[in-house]
Amino acid sequence: MAKVEIINLNKTYSQKVVPVNNISLQVADGEFLTLLGPSGCGKSTTLRMIAGLEQPTRGKILIGGRDVTNLQPGDRNMAMVFQSYALYPHMKVYDNLASGLKLKKVPSSEIKQRIAECAELLGLEALMDRKPGQLSGGQRQRVALGRALVRRPDVFLLDEPLSNLDALLRERVRAEMKKIFASQQVPVIYVTHDQTEAMTLSNKVAVLNNGIVQQLDTPTQIYTHPANKFVASFVGSPQMNLLQLQCHRQAAVLGDFLMHGRELPQMPPSIILGIRPEHLRLARPEDPQKIEGTVDLVENLGMHNLIRLRVEGADGLTLRVLLPSDQAWEGERLTLAVPPDRIHWFDVHTGDRL
Amino acid sequence: MAKVEIINLNKTYSQKVVPVNNISLQVADGEFLTLLGPSGCGKSTTLRMIAGLEQPTRGKILIGGRDVTNLQPGDRNMAMVFQSYALYPHMKVYDNLASGLKLKKVPSSEIKQRIAECAELLGLEALMDRKPGQLSGGQRQRVALGRALVRRPDVFLLDEPLSNLDALLRERVRAEMKKIFASQQVPVIYVTHDQTEAMTLSNKVAVLNNGIVQQLDTPTQIYTHPANKFVASFVGSPQMNLLQLQCHRQAAVLGDFLMHGRELPQMPPSIILGIRPEHLRLARPEDPQKIEGTVDLVENLGMHNLIRLRVEGADGLTLRVLLPSDQAWEGERLTLAVPPDRIHWFDVHTGDRL
Amino acid sequence: MNLIIKKIIFPLGVVVLIAFSLGPVLWQVLTSVKVNEAIAAVPNVYFPSWQQLTLEHYVELFTRRPLLRYLFNSALVSVSSTLSCLAIGTPAAYALARLRIQGEQIIMAGILTLTLFPFVLIFLELLEIIQGLKLGNSYLALIIPYTGINLPLTILVMRSFFQQLPKELEDAAKVDGYNTWQILTTIMLPMTIPALVTTGILTFIFAWNEFIFALTFMTQETMKTIPVAAAQIGGSSVFEIPYGPIAAATVVGTLPLALLVFLCGRQIVQGLTAGAVKG
Amino acid sequence: MQADKTHSREQRRIPKHERLSECSEESTGWILVIPALLLLLLVYAYPILSSFWSSLFAENLGTQLQPVFSGLANYQRMMGDGRFWQAMWNTTIFTVVSVLLELVLGMIIALILHRCPTGSASSAPGGHRRPFPGRNLVRTIAILPWALPTALIGLAWAWIFNDQFGVVNDILLRLGIIEQGINWLGMPNTAMMAAIAADVWKATPFISILLLAGLQSIPTDLYEAHSLDGATPWQNFTLITLPLLMPQILIALLFRFAQAFGIFDLIKVMTGGGPGGATEMVSLYIYATVMRYLDFGYGAALIVVTFLLLVFAVAIAFWGLSKSRAQIN
Amino acid sequence: AQQQRTVTLSILINALEVPVWQEVLVKKFETEYPDIKINLIEAPNDTNLQEDLYTSAFLLGDSPYDLIMMDVVWVPKFAAAGWLLDLTDRINASNLSAFLEKDVEASIYEGKLYRIPFQSDVGMLYYRQDLLAAAKLNPPETFSDLIDISQALQGNGAATWGYVWQGKQYEGLAAMFTEVLAGFGGFWVDPETLAVGLDKPEAIAAIKFLISTIDRGVSPPGVTTYAEEETRRLFQNGETLFLRNWPYVWSLANQNTSPIAGKIAIKPMVSAPEKQGGACLGGWGLGISKTSKYPEAAWRAIEYFTSTAAQRQFILKTGDVPSRRPLFTDPEIVAKYPHYPQLLEVVENAVLRPQIPQYAQASDILQRYLSGALTGRFDPVKAMKSAADETRRLLGTS
Ligand SMILES: Nc1ncnc2c1ncn2[C@@H]1O[C@H](COP(=O)(O)OP(=O)(O)OP(=O)(O)O)[C@@H](O)[C@H]1O
Ligand SMILES: Nc1ncnc2c1ncn2[C@@H]1O[C@H](COP(=O)(O)OP(=O)(O)OP(=O)(O)O)[C@@H](O)[C@H]1O
Ligand SMILES: [Mg+2]
Ligand SMILES: [Mg+2]
């Protein structure tokens, strides 16, 4: 019913500043789309155009098939969490949460009840009588989120709603949001920098860069089949190893080792090889493809250690590898397995996946 | 030289609202202290008191041995990143970055150079002539961070400086910050919700709750030896499994299984058992202590799957387990190893580590 | 340095400020309770003896004329013109600050130009309008011109404050479904209360004290306002300027204003937008 | 600014039918603006236009108060009217000096009323931010001069500056600063000084209360950030307060400029324009021309010229205002 | 009488005098003429403001006032503007001759009568009889007498100041100057020929005399800022020998709280030797607005208010100066105000300010230059020359 369609959306501030460049997207009812991309790539701008707060320079926005490009924000019945919160500073937390509902003439008993639920979820019960100025940063963000969640809009737009919350709370809120969205079956467009969030919450992820959609796909697809070098490097933490290598026949030359991956119809003279740190592991005897090297640097990430490996014969080329943290790796010499099915090939010039 | 000492610091807004309650801390030169804690626990308030922006209700602040409790902020020579950025709206990005240096009468050639370096690090080069109102959320945060980094203060205070940046940039900035702080050898106090950040950057972590320091220790210590149930549950993502169990002799009863951990002088009638999801793994034959259960829910976290396991005979008790994502776990029956040295015991009443 | 400011310069400033503002006022108050001989005595009487003190000027003020009526008239005219000025000017200011209106520049230029026109010079023509509309001797005869004269100030001041508010708040309100009018009244205005009160105070004071229009447009005794009534206070002769009674009238006429400022002054506070937006 | 401009140009390029939302925003805008515009037209436009029209006629006692077309004769006469130009000069001096003094004083007073020029660390030991006791009372007192009726306070000032009975002379004599009473209002220069003093006293609160409201709207965290950077109170003032307060400063200046240029009651009561016309202001002269000499045509010409000269000043002010607007946002 | 509609006449009266009017004049009039009601509207104290009120009322056509209470100097302007009803035919010569001649003359513009004098007013010289007597001096007759006596008594400490007069830039300055000018035998504007005498030697002498009073310390420098009240105050405080002022001073100075009660006397203004001292005529009279709906009733009211009986009552109450000559010697009045016969002498010698419609402007010109010359802003000779030129330009005679 309220499917959101964006067709060739463009926003131009000036010739040089084009934060949104010909973006087309679709989000169906009950679908959860995450916008992922580096800071300043146009995520907020896209959201603001969908909400009607910014007039697109070109392009159309349809909701449930209806062209809303020229509709007032208030007539679009969307709920939005602003990146900057935009709380009403003169209203108490309760009134901030209630404002949208009051306007929609929701009966006050229902308002009370919805707010109580939402406050409980966000841990805001004790703060109902405070004004935003008397809240901590994270509390403000929760109010901003709550203001959107209490509504039953046709579309949810969430601009980094959890960035200032602690991991625990974030996890809980994430789970609850998932439930809420599932029950309301409306399109959700979500902006985040947190990839776990992007991966766990969404049905679809759009990776943006410079105002252009780089890839629009399911989270798994994006993780396993990044459409280009940018997506490959951007998604996944720690970052994917991306090495520009010379080719030899059907393999790429990494130091003393030949790397075989998915077979390509035609191997170019040089190629970019990608492999995620977590897909490299200590070699077992049966592994078909291995490399050797010495540990250069170890970083403790808690559960794992991130290890920089200087590959044998590769003249300074290093690989990041994720290994269990129950062992001291410093200075060791390791043999690692490089599963061929985990290798990604990218074009040297276009960066596209091969 | 510029060691920061906080002695019994207290801030009371009203009888009920005591965001900072008797906090004592020390941060030596070159030391990096992270304040970690749930939203609203008093981190920003502590930072603001150290900066002199908020007058403590009680307690003292010493810098390099000198009592600065009543000193004006400007006389403390600290640099701070505000959680709310506090950019000067009427100044261009360049002037925002330069303002602190100009005030300190740094020669303008040096200002230019320092800003150029910092802008490069933060990717702000193209934005120098914009006013803050024309920046995206993450860009604003970078300016706020840059404003602190270009200074050479006696103390750095950073209040969630990276919360609105994407993973890639955050990683890079984190690495650069580490270098900068290492080279300047001054105390750094850092507030973050990102545990990876807390773990990778800091020498010391203070976990706060309700304005009280719960534990002050090295990151590893905090992860491996949480001082109480709160710290255990708060640090580490996904959250540690915390189960209140009956005791039988020297073991706790979890469903059909007896759990042995570190020996305690005296086992109470009931106890809280804690074990991190990442420390549970598929049992190998040689494992001394195992449990069995059925998979109840699977959540894909990218590299891993987070699995909820219904423990055999434990009547609804579940354990969260982190397992590789290369397998479909749905509905399976698993046997897991519970390494005794990974088990934490906590007192049922006080929550303290036993 | 800062401590010096806090401990010395600031209190000193307050004292000087009070002396500066209050000095001549106190002199007026003193004059209003001195007997005529003491008023014109050389050397000046700063600390009058008991014999030199009197309340006769006040008594005279209240007994000889329907002073309360004048106060009522002044209050009615000032309140209505202030309210209508704010009611008309604030929406216009908001529209000029935030809504895209074609020719906004021209309107602003026009308003700025009008601002500069000394209103004393237009009162004959205004009188013509008032007569044409048959408004003479009705409260509207003053309310309309006062409202009009104060509009430019209201519009400019409110506009400048609206422009300083974070735009995201309006965005949030729009998404919540507020219409433009609701945004103005429930979101923007509460945040600009200091500006609103300030303009209100300035407008009110202007209307309360305006003389020429009030003198000309209101000829009936029952319609006169305080300043006009004060101008009618006579001494013992046509030539005598009755300093005592005039001082008394000044005090009585200013007291309600002082009270108003005192009560509304609380609203001129800081940090109404605190916590609204991040960044 | 640069981006802003192109931005709005982009908006214009959108085809008509696609600008629906903008249109409705515009129409709401007009609905909000129109009542104010109508009232302004009623109160200002008719008188001003009628002045332009009348200035082309001779209409005075010589013509039995009937308008007789005279072209630009009134303007010609004005060129040689020494009294008018003298008044213009007086008014300019008066305006410039008093407005500048008022601005400086008003700013200082506003800062005092605002309590803490640095904005930061204003908390008293052991507590939260606390306004200093009686701050509301001080504010009321500070605004009191503006609240006193001009006509009456003009008398009071004339009395205060009286050479025999005046307080000023009395105090100066007692302090031994002067040996003989100064005839303040009796000498051209001192009369102007007295008039300026009275006006400054009277009108400074207008500026200070406007600036106070402006000061209150500056977010405190800017001062916090700045003083952390090591800014002195003075640097706080020049680098944060002044730029952010610019719109209010310009507005206050503009209105005080206009008010001072149109000063009437105070001068009329205090000096009557004397001595020897040394304090005669344009509005006094025009008022006399119209109301007492019944020289309507000529009076209208004077109004028109004064008005045009003022508009010239507005052009500059508007330019400044639009610049300051670009600074914020 | 019941069938007749009652008419209401509005009249603007100085707020100060409204109670007296109500009590002495209106009540009796209304009983005598039950079909006419008088609506007294309070006017502000300041004469200028009253003039402005009339002006704006007339300019808009329907004047809200039926009866117009006019200062002498307004008559030509109001008449020229066509705001007043011609009263010439309503009163015969003999009735008119009972009024002071100068007052009547001042009520005529271009041969037509526009106002009936209600009360007169005239400038005069007050002096301290006691001090002069103590020094065995006669009251001054000439300007130089005035200065000599002053300096003598100032010298022996009997008085701080010799002579105070109104030197502020306002109408009173013009009135006062008219007297000095007359004393030197000069004139301001001749109403017949419109000749201007301000740059004639007599006028120069007059201004130089005034300047000399300040220069020689006879008058305080502050006189250049004084109006009537300031000068009266200085005189009444007992510090001053001579005062130029209007009749109202008499009763105030003779109040029992006054330090100079019973110690003063009046005489016409001094003059140059062989010249006649002049006194400037002020005073008020009643006219009828041209737009009045009830001119007949208004005339009846004027007749009543200016009648001998009504005036007597009014004068006895207020101590104002009558406009009818016989009242100066009326026994009842003289019993209360013994100096009135003396006053008559002053009044008979009164000089008029120019009876020209542009009087207001002419007066402003004179005031400005006089004030400028007195305060040293202009050279006196040049100032008077400029004043004369400007006046001529104003009158179209240059
Ligand atoms: N002005 C105030 N009045 C009352 N309570 C306040 C005020 N300011 C802050 N608080 C409360 O003090 C507590 C601590 O706030 P603080 O900003 O230090 O939290 P924080 O640890 O920084 O949280 P976050 O991670 O959300 O930023 C919060 O519970 C907040 O609600
Ligand atoms: N008013 C403006 N004028 C010019 N450029 C602007 C303006 N507002 C935003 N931009 C630019 O548009 C680009 C996109 O901004 P947007 O806010 O959409 O980024 P974002 O993807 O939300 O980034 P972030 O993750 O940092 O919030 C940015 O590069 C920003 O600098
Ligand atoms: Mg954004
Ligand atoms: Mg915080």
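Naming convention: chains lettered A, B, ... in sequence-line order (proteins, then strands); numbering from 1 in each chain.
The local environment of CG in B/Asn10 is crowded, with over 12 non-hydrogen atoms from other residues, nucleotides or ligands closer than 6.0 Å. Counting heavy-atom neighbours within 6.0 Å of B/Lys102 NZ, excluding the residue itself, gives a total above 12. More than 12 heavy-atom neighbours from other residues, nucleotides or ligands sit within 6.0 angstrom of NZ on B/Lys104.
Contact annotation: the side chain of D/Leu239 approaches that of B/Leu103 to within less than 4.5 Å [non-hydrogen atoms, C-beta and beyond]. The shortest side-chain heavy-atom distance between B/Pro89 and D/Leu222 falls under the 4.5 Å cut-off. At least one side-chain heavy atom of B/His90 sits under 4.5 Å from a side-chain heavy atom of D/Ile240. Residues B/Met80 and D/Glu224 fail the side-chain proximity criterion, which asks for heavy atoms closer than 4.5 Å.
B/Arg147 touches chain D through its side chain: at least one heavy atom from C-beta onward sits under 4.5 Å away, while N, CA, C and O do not. Both the backbone and the side chain of B/Tyr88 come within contact range of chain D, each with at least one heavy atom under 4.5 Å from a heavy atom of that chain. There is no contact between B/Ala79 and chain D, counting heavy-atom distances below 4.5 Å. Heavy-atom distances place no part of B/Arg76 under 4.5 Å from chain D, backbone and side chain included. In this structure, chain D has a heavy atom under 4.5 Å from the backbone of B/Leu87, while its side chain stays farther away.
Comparing B/Gly100, B/Ser99, B/Ser84 by heavy-atom pairs within less than 4.5 Å of chain D, the highest count is held by B/Gly100.
A pairwise comparison of heavy atoms in B/Ala86 and D/Ala225 identifies O-CB, 4.0 Å as the closest pair. When all heavy atoms are compared, the tightest approach of D/Asp229 to B/Arg151 is OD1-NH1, 2.7 Å.
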